[in-house]
*Asks:* 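Here you go, one structure.
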Amino acid sequence: MTAHSTPAGLFDQHGQPGEPHSSGLLKGLNPEQLAAVTAPQGPLLILAGAGSGKTRVLTTRIAWLLQTGQVSPAGIMAVTFTNKAAKEMLTRLSGMLPINTRGMWIGTFHGLCNRFLRAHHKLAGLPQAFQILDTQDQFSAVKRVIKALNFDEERCVPKQTSWFIANAKDDGKRPGDLVPHDDLSRMQQQVYQAYEDQCQREGVVDFGELMLRTYELMRDHPELREHYQRRFRHILVDEFQDTNRLQYAWLKMFAGRPEVTGSSVFAVGDDDQSIYAFRGAQVGNMSDFEREFKVPRVIKLEQNYRSYGHILDAANTLIAQNTRRLGKNLRTDAGQGEPIRVHEAASDYADAQWIVDEARQLVREGHPLREMAVLYRSNAQSRVIESALFNAAVPYKVYGGLRFFERAEVKHALAYLRLIENPNDDTSYLRVVNFPTRGIGARTMEQLQDAARATGRSLWQSIAAVSGKGGNNLAAFNKLVDGMREATRGLTLREIIEHVVEASGLADFYRLEKEGQERLENLAELVNAAEAFVTQEGFGKDAVALPVDETPGSIAEGLPAAVAQVNTLPDAETGEIISPLVAFLTHAALEAGDNQAQAGQDAVQLMTVHAAKGLEFDYVFITGLEEGLFPHENSMNDADGLEEERRLMYVAITRARKRLHMSFCQTRMLHGQTRYNIKSRFLDELPEAALKWLTPRNQGFGSGFAKSYQDAWSSGRGMGSMVGAGAQPYRQWGGSARSEDSFKDLTAPLPKAMAQAKSEGGLRVGQSVFHNKFGEGVVLTLEGSGADARVQVNFGRHGTKWLMLSVAKLTPIE
DNA sequence: CTTGTGTCTGTTTTT
DNA sequence: CAGACACAAG
């Protein structure tokens, strides 16, 4: 999405957009891009490779359609997956044309659904101020349902069940559409049904529900369907390869049958960058689209404006190993550039150190830190790298993890705000009824929940059913919330939040807490976020009235004003404009916000490969190229999983503009255990000519074997702590490694490589050796032979250790 | 109702 | 190793 600063100004692709004439708009487009942008009405599929100017094509297409008068802003719908992508599109578009982007429907799938459901909330059977459950909320709601149904949580695991429900919705399925095939799925189906009832009662929807309900509303109401189908003459979809079944059906619903509605869908995607199958993405939607919409031709954007040749060669060669592809090869005019620097380290620690060294070298050459990114497969890998960077005083920024609106203190404050709008929101009620504590304990809440369940009412409505002290406290709590609602009536959003933070007792609570300072700051930041939201969304004195829909006879006809972009459409029937508070709460749910405030600071960027999709950097480090990690062991058993891992690797490689670094290590600390890793098969799949090995290839024996061996170096307990097993995944015996029972594992067959290790090791008593962790030592004793060989080594200040020769990595020193 | 202890479980993530 | 969570004791 960020397609600015390109290698050494070699390319003119990302220069300033031309002046607002179509000739200016189209200037600098290559033939394929031009064909895509100026394609005639009708379905179109753009296969856009990484760095091929995808976003530019998408936005220029919209600008061109508008400028040539083929469509009015109201006839455009552009859908993305992330808020970031939607914003980027809007920003670029307003840079190209002096148009008001507000009449267009540009946003994320969920943002547009929200807009739609707010406008038609009566038809959808929702309160106007319906609240949106995020994943956390959804999970706790499901958990509550499982408890209420008295299901065994061992059998009907809440996490799996909430995943099950989300998946069903992504597939467009209601509880009644499911056919249970065993006890578990029968239970899950029941939970789904009860969960759905509960959400409906509380007036809340989860992410999947936003999509599904919009889809169903369109499906079940012909007049609505016809209206929107007629209205959106051009539907543009970004990252089409990431759409799930429901989203594709949703798109078809809005597009209608092209020959009838005349609408055209402009789908842009890259099957090679499909990395979200695990959450329901169907790459197959691309070929389905091509077939079902009778796409006359697929335009391939293969000219890359981002990376140098070696990098692209690596990407192309790698991805060519995937069998199920639409087929595409990236090319560049930029020259080969530097080869990819490949480094093998003895340990994850040494690997991190190497990254720090390389980064410092780049700094010495005058490159800013923000142009360096360290990418890894899983979040757990960031720790070592962080500590190495920290120790070297190199600023860094980690992406991922807890986002702003997901922080506990922020969610607490939001829960109070939600209760002001909708006291029947049980999820919010449960979150803060006793936070800060006000004498409402578990048994009180149990009584309350029982009463609510019995009558089918909300917790808020059921407090009279609880007598005694607990009941009084509950009444006091309801009164507190009522009081807040009264006190904040007519206040600005900022004032509302300030009041609630104080009146709820949250502020006092955190003021007294030792570690509360940061939380207080986050609450202050929440006020800022609200302030920024109000300014940005244009609430306040001079909101401009815009006709939303000009189509005569439509449901939405004559709507008064779209005060703000997506979140604040007026009610379709009453024309009442949603309060800034509801809009802000929606914003908080749909846009979890960045996780770190310190933006703009020059720092090395650390993130998972998934998080890096759509980004680009001059210098990229791909770390942890080890079997079991990347490709991840959970994905490498089936062909589809492996291909997805390869696409992930492809995404990682294509993030780099100028120089790419890849690294792996022989030992890695994971879950408190040392793992021995083989280098990733993906390294072997890269063209040799594009690589520059900084360490000798296949050096030592650590890189070639013993994937799953527990290190045997704990001294003192002698052989009892030595563990060896066949080629089992390490995780199968984590705990037992500490018990004497594991001793018997030593009898398991050992691979040939281990026997070789001994002879190659060529150790003798008195031999000097090097060990990754303990450093230099001297061999004191040799025992056993072959797979059973063990050795006693004196490591000086680290003491004397018994090591399993087949497991510990010892390098002889002459 | 709070606090401490023990157990468990560890991909990827937007909305 | 470390965070989340459940349960028992105070």
Side-chain angles (χ1 to χ4, degrees), chain A residues 79-86 107-114 132-140 143 153-154 157-159 163 166 169-170 205-211 238-239 242-244 246-247 274-281 348 375-381 383-384 387 399-403 405-406 408 434-445 469-470 473 566 586-593 595 607-614 624 628-636 641 644-645 647-649 651-652 668-675 729-731 734-735:
Chain A
V79 206
T80 64
F81 276 86
T82 65
N83 291 299
K84 202 172 152 203
T108 63
F109 276 103
H110 296 88
L112 296 182
C113 286
N114 173 62
I132 299 165
L133 302 184
D134 67 13
T135 314
Q136 282 175 42
D137 300 330
Q138 193 248 16
F139 175 70
S140 63
K143 223 163 134 181
E153 291 191 26
E154 303 271 278
V157 186
K159 209 171 173 183
W163 184 80
K169 290 194 182 186
D170 283 351
V205 297
D206 61 30
F207 291 131
E209 189 69 27
L210 284 169
M211 292 287 324
D238 191 16
E239 307 278 15
D242 288 338
T243 53
N244 61 35
L246 176 58
Q247 284 159 337
S274 162
I275 55 175
Y276 286 108
F278 70 93
R279 66 180 200 217
D348 48 354
L375 310 183
Y376 35 80
R377 175 68 237 265
S378 65
N379 282 307
Q381 290 167 251
R383 189 177 291 266
V384 218
S387 78
Y399 290 80
L402 209 54
R403 318 265 288 285
F405 287 113
E406 290 166 357
N434 196 38
F435 193 94
T437 51
R438 36 180 81 88
I440 300 168
R443 79 193 171 283
T444 303
M445 286 314 292
K469 183 163 148 281
N473 291 344
V566 166
T586 303
H587 166 80
L590 287 181
E591 204 169 336
N595 21 2
M607 66 191 84
T608 63
V609 180
H610 282 93
K613 188 171 150 198
L629 201 64
F630 199 177
H632 196 276
E633 60 187 339
N634 296 358
S635 306
M636 48 197 245
E644 176 141 327
E645 293 288 308
R647 291 192 293 269
L648 202 48
M649 180 68 179
V651 168
R668 178 176 291 280
M669 201 65 171
L670 200 61
H671 308 327
Q673 285 193 321
T674 307
R675 283 181 71 175
Y730 75 103
R731 61 214 335 260

*Asks:* If I take atom NZ from residue A:K169 and atom CG from residue A:L246, how far apart are they, to the nearest 0.5 angstrom?
*Replies:* 10.5 Å
*Asks:* Please figure out whether A:E644 or A:N473 has its closest DNA chain B nucleotide nearer the 5' end.
*Replies:* A:N473
*Asks:* May I ask you to say what A:A442 touches in the nucleic acid, namely base, sugar-phosphate or nothing, with a heavy-atom cut-off under 4.0 Å?
*Replies:* sugar-phosphate
*Asks:* OP1 or OP2 of B:dT15 versus the side-chain N and O atoms of A:R279: is any pair under 4.0 Å?
*Replies:* no
*Asks:* Hey, does A:I440 reach any base, or is it just sugar-phosphate, or nothing, if we go heavy atoms under 4.0 Å?
*Replies:* sugar-phosphate
*Asks:* Check the pair A:H610 / A:I275 against side chain to side chain contact (heavy atoms under 4.5 Å, CB included), numbers first and verdict last.
*Replies:* CA-CA 7 Å; A:H610 282 93; A:I275 55 175; 3.6 Å; yes
*Asks:* Check whether any side-chain nitrogen or oxygen of A:N83 sits under 4.0 Å from OP1 or OP2 of B:dT15, and answer yes or no.
*Replies:* yes
*Asks:* Do the non-hydrogen side-chain atoms of A:E645 and A:M636 ever get within less than 4.5 Å of each other?
*Replies:* no
*Asks:* Is there a side-chain polar atom (N or O) of A:S635 under 4.0 Å from OP1 or OP2 of B:dT11?
*Replies:* no
*Asks:* Side chains of A:F405 and A:D134: does their closest heavy-atom pair fall under 4.5 Å?
*Replies:* no
*Asks:* Rounded to the nearest Å, what distance is computed from the CG atom of residue A:D137 to the C1' atom of nucleotide B:dT15?
*Replies:* 13 Å
*Asks:* Within less than 4.0 Å of OP1 or OP2 of B:dT12, is there a side-chain N or O belonging to A:N379?
*Replies:* yes
*Asks:* Would you indicate what A:D206 reaches in the nucleic acid, counting non-hydrogen atoms under 4.0 angstrom: base, sugar-phosphate, or nothing?
*Replies:* nothing
*Asks:* What's the gap between B:dT12 and C:dC5 when it is taken at their C1' atoms, as a whole Å value?
*Replies:* 23 Å
*Asks:* Does some side-chain heavy atom of A:Y276 sit less than 4.5 Å from a side-chain heavy atom of A:E239?
*Replies:* no
*Asks:* Do A:T135 and A:Q138 have side-chain N/O donor and acceptor atoms under 3.5 Å apart?
*Replies:* no
*Asks:* Would you indicate what A:F109 reaches in the nucleic acid, counting non-hydrogen atoms under 4.0 angstrom: base, sugar-phosphate, or nothing?
*Replies:* nothing
*Asks:* Is A:F81 stacked on the base of B:dT15 when the test is centres under 5.5 angstrom and planes under 30 degrees?
*Replies:* no
*Asks:* With a 3.5 Å cut-off and heavy atoms only, can you find an N or O donor on one side and an acceptor on the other between the side chain of A:T135 and the base of B:dT15?
*Replies:* yes
*Asks:* Looking only at non-hydrogen atoms, find the nearest pair between A:L629 and A:G624 and report the distance.
*Replies:* CD2-O, 3.7 Å
*Asks:* Got a list of protein N/O to nucleotides 4-8 of chain C N/O distances below 3.5 Å?
*Replies:*
from, atom 1, to, atom 2, distance (Å)
C:dA6, OP1, A:K143, NZ, 3.0

*Asks:* Give A:E209 one of three labels, base, sugar-phosphate or nothing, depending on what nucleic acid heavy atoms sit under 4.0 Å from its own.
*Replies:* nothing
*Asks:* Stacking between B:dT15 and A:H110, yes or no? Criterion: centroid separation under 5.5 angstrom, plane angle under 30 degrees.
*Replies:* no
*Asks:* Give me, pair by pair, the N or O atoms of the protein and of nucleotides 2-5 of chain B that are less than 3.5 Å apart, along with how far apart they are.
*Replies:*
from, atom 1, to, atom 2, distance (Å)
B:dT2, OP1, A:T437, OG1, 2.7

*Asks:* If you look at every strand shown and take non-hydrogen atoms under 4.0 Å, does A:G439 touch a base, only sugar-phosphate, or nothing?
*Replies:* sugar-phosphate
*Asks:* Quick one: does any side-chain atom of A:Q381 pair with a main-chain N or O of A:S378 as donor and acceptor, under 3.5 Å?
*Replies:* yes
*Asks:* OP1 or OP2 of B:dT13 versus the side-chain N and O atoms of A:R403: is any pair under 4.0 Å?
*Replies:* no
*Asks:* Is A:D242 touching bases, backbone alone, or none of the nucleic acid, heavy atoms closer than 4.0 Å?
*Replies:* nothing
*Asks:* In whole Å, what is the span from the CD atom of A:E633 to the C1' atom of B:dT9?
*Replies:* 13 Å
